[in-house]
Enquirer: 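My questions all concern the structure below.
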Amino acid sequence: KRQAVVALETFLMREPNASDKDQIQRRIEVLKKQIASEKAAPPNTAATPLTPTTPPPNESLPAQQPTPSPADHAQGKRPILPLIVTGVGGVVLIVGVVVYAKGAKDTKDFESQCPNRVCDTTKQGYQDLIDGGNSARSREITGGVVAGIGAATVAGGLIWYFLSPRSGGAATTASAGTLRHPLLMPAVSPGFSGLSLSGAF
């Protein structure tokens, strides 16, 4: 009975606005009166079988509802696709940096042989220097463009990952973006690549 009183009082503390609050309070008062009467009664030396105490009609112990914890809302996983996009962008960035660095070094070497990018036409093999310098300059430009695309892809993948809603657990993934949870997706078409941000209110 004492455990029942503690359980009921604990429930009222957690759920002060319960619909059956009055019923529970009456049940607590009944149990306390029974406990007090048992203390006042003289002890009975004869062993008597224990009989279960049944609650009055229409009064049953409320089923305690589990309260959701903040950790339940933080459960769930973000999609793995943004991380894949980020990894691919990282590889492209590294390749672009390597190509750019090699092209810049070769361009500097050719410029040292042809000051101001003007080769002496009286020297033998000047055409090879011109062709080599142009090729190195093209590799330098290409490497810079590739590195820029890789950096943009890495940034877009990370933004996509952290803005993506979690799936599973207490959090659910919406099929369309909302004002509080916008949907960020990659957009790729001939001659264009970027991100698509959508939301609704």
Side-chain angles (χ1 to χ4, degrees), residues 14-15 64-201:
R14 293 184 179 179
E15 300 291 339
Q64 186 172 354
Q65 299 294 332
T67 57
S69 62
D72 294 337
H73 297 282
Q75 291 179 355
K77 297 180 179 180
R78 291 188 173 94
I80 193 67
L81 182 58
L83 296 181
I84 297 176
V85 173
T86 303
V88 173
V91 173
V92 174
L93 174 61
I94 293 174
V95 172
V97 170
V98 171
V99 174
Y100 174 82
K102 182 65 169 60
K105 179 179 179 302
D106 293 343
T107 300
K108 187 176 181 180
D109 292 340
F110 283 110
E111 287 179 349
S112 64
Q113 301 179 55
C114 298
N116 298 324
R117 300 183 183 179
V118 177
C119 296
D120 187 357
T121 58
T122 61
K123 291 183 178 180
Q124 185 178 4
Y126 74 92
Q127 188 62 43
D128 293 337
L129 293 176
I130 295 175
D131 295 339
N134 291 333
S135 177
R137 181 62 178 167
S138 298
R139 291 197 303 272
E140 181 182 1
I141 296 174
T142 302
V145 173
V146 172
I149 294 175
T153 304
V154 170
L158 291 176
I159 294 174
W160 181 15
Y161 176 76
F162 287 110
L163 290 183
S164 297
R166 296 177 181 271
S167 61
T172 57
T173 302
S175 58
T178 61
L179 184 62
R180 296 182 61 186
H181 299 287
L183 183 62
L184 186 67
M185 296 292 290
V188 180
S189 63
F192 172 79
S193 62
L195 298 174
S196 173
L197 180 65
S198 63
F201 60 89

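The figures here come from the full heavy-atom set of this structure, side chains too, leaving out hydrogens, waters and symmetry mates. Positions are given from 1 along the sequence.
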Enquirer: To the nearest 0.5 Å, how far apart are CD in Glu140 and CG in Asp106?
Expert: 9.5 Å
Enquirer: Report yes or no: does Ser138 contribute a side-chain atom to a donor-acceptor pair with the main-chain N or O of Asn134 at less than 3.5 Å?
Expert: yes
Enquirer: Would you compute the distance between atom OG1 of Thr142 and atom OH of Tyr100 and round it to the nearest 0.5 angstrom?
Expert: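 Answer for the OG1-OH pair, Thr142 versus Tyr100, is 12.0 Å.
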Enquirer: Quick one: pull up OH in Tyr161 and CD1 in Ile80 and give me the separation to the nearest 0.5 Å.
Expert: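 Going from OH on Tyr161 over to CD1 on Ile80, the span is 7.0 Å.
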Enquirer: Tell me the closest heavy-atom pair linking Gly157 and Pro82, and the distance in Å.
Expert: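 Closest approach of Gly157 to Pro82, heavy atoms only: O-CB, 3.5 Å.
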Enquirer: What pair of heavy atoms forms the shortest contact from Thr86 to Leu158, and how long is it?
Expert: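 Here Thr86 and Leu158 meet closest at OG1-N, 3.4 Å.
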Enquirer: Can you find a heavy atom in the side chain of Ile149 that is under 4.5 Å from one in the side chain of Val146?
Expert: no
